[in-house]
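Inspection log for the structure reproduced underneath, given as structure tokens.
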Amino acid sequence: MLVAKVMYRKGTQAMPSAAPVSEGFVPFRGFRIWYRVVGDLAQLEPAMFPLLVLHGGPGGPSDYLEPLEELADSGRPIVFYDQLGCGNSDQPNDPSMWSVELFLEELATVRQELGLDHIHLLGHSWGGMLAMEYALTQPEGLVSLILASSPASIPQWIAEANRLRKELPQEVEQTLRHHEEAGTTDEVAYEEAMMVFYQRHLCRLDPWPEPLRRTFAKLEANSKVYNTMWGPSEFHATGTLKEWDIRYRLGEIQLPTLVTSGRHDEASPLVAETVHRGIAGSEWVIFEHSSHAAHLEEDEEYRRVLSDFMRRVEGQA
């Protein structure tokens, strides 16, 4: 049963789409999961399916994905939600909860409660990892996958991140290493050094778009999920995901799949190519002027690529 549902029409606030919006909460394990639907799920266009979006992190709320809302202008509803532990959803303080299994159950619950019988599923970064795990369960009604800057292997991701790190200015690398060895990765100097890496490989826009800054502010305010599942450093996974690797299972995914990545992405071309080659028949688009946030850096072209892919899939259904 859905609770706290509100409806309003865009236009009263500065938002990118003119589609109607609904927000509310889905109950899950005694907690509340916040969702946002841009478009009308009750009035779907013929042969057009909603797009359900999974944010990254883990624990990085969906704010930074706001430009994807404009996809709803074609009549396709776009559904976002903040995973448990972050953003507008409840944030229980229980590290033992944070697991791939919990977030798979949460995804299935959101689909059921919102009546999302047939969907395209987009996952960005960690969200793409979750999307691949979900596809491996062979759920009904999954029309296609869009895997945005997502790895199939954390060991491979770490190796590539550290390869990119070697290209940083020497003084930046020295600062990173000093604070990692001292266990002081929460100090300002380390964060400033990390920003050099982020400006190269996470988002190359200057200044960063407000939705991305908002996501980082919320993640900084509560990084418990991220620290539990990943760890305190981008370059050394110490959390529960540190050995996560599904490369050997990618062949089990038999869905129309679009892989996207940026030329300068921390999910490097090697990372994206591994996913692309592992999923038979998948398509791969590299955004030449982007890093990890192509949907922000080349937003119009990114939405065009996604729209074209989803329409082609629907035309073949």
Side-chain angles (χ1 to χ4, degrees), residues 10 13-17 19 21-24 26 33-39 41 50-74 76-89 103 106-107 110-111 114 116 119-132 134 144-151 198 202-205 208-220 222 225-226 258-262 265-267 285 287 290-307 309-310:
K10 288 188 172 184
Q13 302 181 42
M15 297 181 181
S17 172
V21 172
S22 60
E23 295 184 358
V26 167
I33 306 301
W34 174 86
Y35 71 87
R36 176 181 177 88
V37 180
V38 184
L41 290 172
L51 174 66
L52 178 60
V53 180
L54 305 178
H55 63 70
S62 58
D63 302 62
Y64 75 104
L65 295 166
E66 281 181 3
L68 298 179
E69 292 184 4
E70 199 164 326
L71 289 166
D73 287 343
S74 68
R76 180 189 312 283
I78 314 299
V79 183
F80 306 85
Y81 70 94
D82 285 346
Q83 294 160 26
L84 188 65
C86 73
N88 296 320
S89 293
F103 291 113
E106 177 188 56
L107 170 52
V110 169
R111 278 193 69 186
L114 293 181
L116 301 174
I119 59 165
H120 300 279
L121 183 62
L122 182 151
H124 178 262
S125 197
W126 146 252
M129 295 164 57
L130 184 61
M132 286 183 272
Y134 185 63
S144 78
L145 283 180
I146 301 171
L147 305 173
S149 299
S150 300
Y198 286 149
L202 190 139
C203 182
R204 296 166 72 86
L205 297 177
W208 277 4
E210 191 276 334
L212 181 60
R213 288 185 277 116
R214 195 188 325 139
T215 288
F216 262 70
K218 291 181 179 181
L219 181 57
E220 183 178 1
N222 182 3
V225 177
Y226 182 85
L258 172 65
V259 176
T260 70
S261 63
D265 207 325
E266 59 179 330
V285 177
F287 292 85
S290 295
S291 54
H292 197 53
H295 67 284
L296 294 169
E297 296 163 288
E298 298 180 66
D299 55 341
E300 291 186 7
E301 178 64 7
Y302 194 86
R303 290 191 295 269
R304 184 194 68 77
V305 168
L306 264 57
S307 291
F309 171 74
M310 289 186 287

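Everything numeric in this text was worked out from a predicted model, so none of it was measured.
- Leu130 CG to Leu147 CG: the interatomic distance, rounded to the nearest 0.5 Å, is 11.0 Å.
- One N or O on the side chain of Glu106 and one on the backbone of Leu84 form a donor-acceptor pair closer than 3.5 Å.
- Here the side chains of Ile119 and Val79 are not in contact, with every heavy-atom distance at 4.5 Å or above.
- A distance of 7.5 Å separates CD1 in Ile78 from CG in Leu68, rounded to the nearest 0.5 Å.
- The nearest pair of heavy atoms linking Gly87 to Pro61 is CA-CB, 3.7 Å.
- The salt bridge (charged side-chain N to carboxylate O under 4.0 Å, His left out) search around Arg76 returns Glu314, not counting sequence neighbours.
- When the ring pair (Phe, Tyr, Trp, His ring centres under 6.0 Å) test is applied to His295, the partners found at least two apart in sequence or on another chain are Tyr64, His124.
- When every heavy atom of Arg204 is checked against every heavy atom of Ser290, the shortest pair comes out as CD-C, 4.3 Å.
- A 4.5 Å side-chain heavy-atom check between Cys86 and His55 finds at least one atom pair inside the cut-off.
- Across every non-hydrogen atom of Gly85 and Val225, the tightest pair is O-CG2, 3.8 Å.
- One distance of note links CH2 of Trp208 with CZ of Phe216; it measures 4.0 Å at 0.5 Å rounding.
- In this structure, Pro77 and Leu41 approach most closely via the heavy-atom pair CB-CD2, 3.6 Å.
- Here Ser89 pairs with Ile33, Trp34, Asp82 under the side chain to side chain contact (heavy atoms under 4.5 Å, CB included) rule; sequence neighbours left out.
- Scanning for side chain to side chain donor-acceptor pair (under 3.5 Å) contacts around Tyr302 gives Thr260, with sequence neighbours left out.
- Scanning for side chain to side chain contact (heavy atoms under 4.5 Å, CB included) contacts around Ala267 gives Ser149, Trp157, Asp265, Val271, His292, with sequence neighbours left out.
- Residue pairs meeting the salt bridge (Lys or Arg N to Asp or Glu O under 4.0 Å) criterion with at least one member in residues 53-63, sequence neighbours excluded, are Asp63-Arg214, Asp63-Lys218.
- By the side chain to side chain donor-acceptor pair (under 3.5 Å) test, Thr215 is found to be paired with no residue, residues two or more places apart in sequence or in another chain being considered.
- For Ser150, the side chain to side chain contact (heavy atoms under 4.5 Å, CB included) test picks out Met132, with sequence neighbours left out.
- Scored by the side chain to side chain contact (heavy atoms under 4.5 Å, CB included) test, Val305 finds Leu258, Val285, Phe287, Glu301 as partners (sequence neighbours excluded).
- We find the OG-CG distance between Ser22 and Leu114 to be 8.0 Å, quoted to the nearest 0.5 Å.
- Partners of Phe309 by ring pair (Phe, Tyr, Trp, His ring centres under 6.0 Å), not counting sequence neighbours: none found.
- Between the CG atom in Leu205 and the CG atom in Leu212 there is a gap of 8.5 Å [rounded to 0.5 Å].
- The nearest pair of heavy atoms linking Ser62 to Phe80 is OG-CB, 4.3 Å.
- Every residue meeting the side chain to side chain donor-acceptor pair (under 3.5 Å) condition with Arg111, not counting sequence neighbours, appears here in chain and number order: Tyr134.
- Here CG of Asn88 is found 9.5 Å from CZ of Arg36. Values are rounded to the nearest 0.5 Å.
- Taking the side chain to side chain donor-acceptor pair (under 3.5 Å) definition, one finds that Glu297 meets it with Ser291, sequence neighbours left out.
- Residues Pro67 and Leu296 come closest through the heavy atom pair CG-CD2, 3.4 Å.
- Among Val38, Leu65, Leu121, Leu71, the single residue meeting the side-chain contact (heavy atoms from CB on, under 4.5 Å) criterion with Val53 is Leu65.
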